[in-house]
Amino acid sequence: MHGAVAIAVGTLALVAPLAVGLAVELNSDGMIALPAGLYMPFLRVRALNASNADATAARRIDAFRLDAEPVTNAQFLDFLIAHPQWRKSRIRALFADDRYLKRWPSDLEPADAGARDEPVTNVSWFAAEAYCKARGLRLPTTEQWEYALADEGRGRETVRARSLEWFAEPNGAHPPSVGGPPNGFGVRDMVGLVWEWTLDFAAYARTGESRDSDGKDSANFCGGAAAGVADATDYPAFMRYSMRASLKADYTADNLGFRCAGGAP
Amino acid sequence: MRVRSFGSGAAMAALLIAGAAFAASREDNLNDPITGQENAVLADAPNVPPPVQRDHATKIVVHLEVRELEGRLADAVRYTFWTFGGHVPGKFIRIREGDLVEMHLDNHPDNKMPHNIDLHAVNGPGGGAAASLTAPGHSSVFSFKALNPGLYVYHCATAPVAMHIGNGMYGMILVEPKEGLPKVDHEYYVMQGDFYTQGANGDQGLQPFSMAKVIDEKPEYVVFNGSVGSTVGDKALTAKVGETVRLFVGDGGPNLVSSFHVIGQIFDVVYPEGNLAAPTRNVQTTMIPAGGAAIVQFQMSVPGTFIIVDHSIERAFNRGALAQLKVSGEENKLVYSGKTFDLVYQPEGTGIRVAGQGQIVAPAAQSKAERIELGAGVFANNCQACHQADGEGVPDAFPPLAKSDYLNGDKIRAIKTVTGGLETKLTVNGHDFNGVMPAWSLSDEDIADVLTYVYNTWGNSGQEVTPEEVRAYRIKAQ
Amino acid sequence: MSHRLLFVAAAAALVAFGSGAACAHDMQHMTMDAPAEPTSASLYNLESKWTNQDGASVPLGALGGKPVVAAMGYTSCKDMCPAIVANMMWIERHMSEDAARRVTFAFFSIDSAVDTPAKLKVYADEHGLDPGSWTLFHGDDDAVRELAAALGVGYRPDGLGGFDHAAVISLIDDKGEIVVQQRGTQASSDELLAALNSLLEKRN
C-alpha cells in the first residue's frame, strides 16, 4: 500500500520503507491502528472454578492505536518542557526511584545528541503513564502489547530469536535507536531495544515464580486462579512476564522504556 | 559428644555411623537463640570460606550480587553468563545450623533481566524465590533459619528457569552441623553445569544461548566451575601426599546428572547428596543429582595428577567436564608402582594434555625415533580402537594402516585426513570403504608423531612427518 | 471484653463526627500542622478523587494528618478480603480506645463498577465498622490503578466478575508515607500494630 511512509516522531521525522502490500494505517502522530482480532494469551489465567474451555479460549482484542516505536528521549524531552513536575530535579520520590532518567546529565538534556532517537529509559510507570496521558493516551494493556507482538502469528520465530539474541548481548551504555523493521501490523522495535511498561503490569505479579502453577496456595494473593502457559517452550515470553512481575510502579531501569496506546481511530 | 577435630575422615565416619553426633533436631535449631550478627565471608570456586568457629547461632548477613557478564566458556568461545557474584558457580556461602540468614539479593543496574533465588537450605515456599523476584537495579531481602545441616544448592528460579540456570545461576550453601566438620587439609568447591550454545562445541566467538538445545537437554558443553579448563594447569587443585582433601561437589544442571569420579582415587568418605548424617565409605563414583550436592573426602597416597571427571565419559572427553588435582610428594611404590608406560594422555577436544606423574605437557620429540615412540601413545589413545593395534583395521569398516597404499602414496593426503576428517568413499589396498573418519583436535606435534609412527610401522614407507609440515598444511587449507 | 465495650461506646459517640468524614479530616488539617505540600514520598501526591460510603467526594490528601491503616479489596469478594478486613479489625481491637480514635482505617474498593458508595455503606454496617474511624472508598478505574500502583497491590479481573488481588495492609503515617506493609492474610499483624503504636507515641 505504501512504498515509503514519512513518520513524524516527536521532533524528528524519518523516512522508513515498509514492505509493499502491508496494510498499515499510520497516523500523523506516529501511531499504528491495529485491527480488532483474536489472540491466544501466553499466560492462561483462570478462576479455579471456571471451566477449562474458558482457560483455553482465545481473547478478543478491540481495535486500538499503538505508538509505532518506543517513546524516544527527544519525545520525552518535549513532555518535560511542558510538564516541569516530571523533570528529574523535581520528580516526587513517590513516583520514581533514584535512577529516574539516570542517563540525562540535567533536567532538559538527554545524554547526548545521538541519544535523541534512543528509547527513553529509566522512567517509572508513573512517569510513562503521565506522558501518555499528556498525549490523551494510555499505556497499552499487557494484552494489547502482547497482541501487537504476536502479530497474528507472523514472524513468531523471528521474535523469539531476536529476543534470545538480545538477552545474550552484553548491556551497552545506550539502547539502540528506534527504527527497526516493522512487523505485519507496522509496529517496530517490540523486542531487541528495551523492555516496555504496560498499564496493568502489576496484574501479573505472581508469575515470576514460574513453578507456582497453582495460585490457591499463595496466601499473598486473594482469589483462586490457576496459571498455565500456552507454550512452555517460549522462553522469551516467560521472561517478559517475569520482568513485569519483578517491577513496582516507581521502579526505573536502564533497559526499561514504554510506548503509548489509544482507542480506535 | 562435641568434638571439633578428628584424626581422620574415617574416624569421623565411624562416629557418625554410630550416631554419636548430629543430635540437633529441627526444633533445636529453630529455638537456638541468635547471638550477635556478622557479615558472611563468601568465596569463589574452587575456594570455600573458612570453617565456622562459633559455638552459638548468629545472624548472618549475606549479600549476593547478580551480574550478567560476558566471559570465557572455552578457548575462543565467549558467552554471556548470568551469575551470583560475578562467577560461575556463584559464591559459596558457609553458615552454621541454627543461624538466622538475612539474604540480600542485589540485581545490578547494568543487568537486563529480573532474577530471584531459591536456596535448597530454606524451608519455605519457593525456597526464597517467591520473596526475592528482583528487577534490575533493585534489591530484595528475606531471612530464613537454617534448620537442617547439609550441603545445598541454590539457584535462580525466575521463569524461564532452565535459561537462568543454563546461563550459570547456581551456587552452594554449606550449613555446618554444630559440631563442625572433621578437620581436613584442603577444602575445595567444584560445581558442574551444562551449557547450551547455538554454535557447536568449539565454534568460536560470542555464542548465544540455544533454547532448542536446552529443551532437548543436549548441551554443547558440560563443565566444572563455569568453563572448559577452569581447573587445570596452573589453576588445578593442589595437595600433598598424606594430606586429606574434601571436595564440596554440586551439580547446577540445568539438565544433566553427574557421575562424579576422580580418576585414580577412591573416596574414603562420601556424604551422599550432602547428607552429613549418613556418610558412606570407599566409593568410586558418586551420583550428583541436578540441583543436588555431595561431599567427598579422601587422603592422597601417591603423587601425580588426578583427573576429576563426570564419568558419563563423553562429557569429560568431548564437552569439557574435566578438572585436575595435582599432588606432590614422595612416591610410594607399594601403593602404586608407577610402572612402565608413560603415555601421552590426550583427551579429544579439550586441549588438556596430561602425562603421568605430574607432568602436564608432553615433551616434544627431538628425533625421528622419539617421534615414533611418542606417536605410539597418540595412536593407542586415538586411533587404535578402529584401526586396531596391528594396524590391520576391520574389513568393510575401518581401513588398514598396515602396508597402506593410500597412506604411502600421499603424505599430504594423510595429514589432511587426520586434521580434517574424511567422509567420502575410498579404496585402500583394493578394498572399498565407506565410513567416516572424524577430524581430530590434536596438536601439530601429536599429528606429526602419530603419522610418523604409522609410516614407520607395519611395513609402511618409513618417512617422517614433522609438525612444520602439519602447520604448513593447515595454513594452506585455510 | 470491657475494652471492646468501651470501644463500642466511643464509636457511638463519634457517629456524628464520622458522618462528615471529609470535613472532619479537613479540620484536622487545620489543627495538626499537616504540611501544605505533601512530602516527596507521600501518597498524597496522587491527585486521584474518591467518594466515601456517605457519597461525599474526598481527595486522597484529606486522609493526611493522622496515621492510616489502608487496604484494597472489594465487597463481593468471598475469599480473602473478609480476612483482610478481619485483620484490620483485629488491629483496631488491640489498640487502646484513645489510640484507635486517632487512626483512620481505610478500605479502597478495586471494583469501581459494583462497589458504589451505597454498597460500601451496607458493607460497613454489616461488618460493624465504626464510621468514626473507618472510611470505605469508591474510585474510578484510574484512581484505583494509581493507588494500587503506589501501594504495590497487584490485581486483575478473575474472569468471573471478581478480581484476583494481593492482600496487603499498609500503615501510612500522617504525612502519607508508607511505614510498613503486611502482605498475605496469614501474616501476623503484630509488627504493623507495634509500628502503629510507636507512630502514635511519637505524636504524643
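Below, chain A is the first sequence line, B the second, and so on; all start at residue 1.
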Neighbour count above 12 (heavy atom, 6.0 Å) for [X] [atom1]:
X: K235(B); atom1: NZ; answer: yes
X: E27(B); atom1: CD; answer: no
X: K248(A); atom1: NZ; answer: no

Which portion of [X] sits near chain A, non-hydrogen atoms under 4.5 angstrom:
X: H164(B); result: side chain
X: N111(B); result: backbone
X: E70(B); result: side chain
X: L206(B); result: side chain

Using a 4.5 Å cut-off on heavy atoms from C-beta on, say whether the side chain of [Y] contacts that of [X].
X: P236(A); Y: M211(B); result: yes
X: P208(B); Y: L164(A); result: no
X: S246(A); Y: H115(B); result: no
X: M239(A); Y: M113(B); result: yes

Quiz item: Where do D254(A) and D110(B) come nearest, in terms of heavy atoms and distance?
Solution: OD2-OD1, 3.8 Å
Self-check item: Smallest separation among heavy atoms of F238(A) and A159(B), with atom names
Solution: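 Closest approach of F238(A) to A159(B): CD2-CB, 3.5 Å.
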Quiz prompt | Residue among Y235(A), W195(A), F167(A) with most heavy-atom pairs under 4.5 Å to chain B | solution = Y235(A)
Exercise. Check each atom of N122(A) against the heavy atoms of chain B and say whether the ones under 4.5 Å are side chain, backbone, both or neither.
Key: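 Looking at N122(A), nothing touches chain B.
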Quiz item: Would you find a donor on one side and an acceptor on the other, under 3.5 Å apart, between the side chain of K112(B) and the backbone of E169(A)?
Solution: yes
Quiz prompt | Pairwise distance OG1(T80(B)) to CH2(W166(A)) - rounded to 0.5 angstrom | solution = 12.5 Å
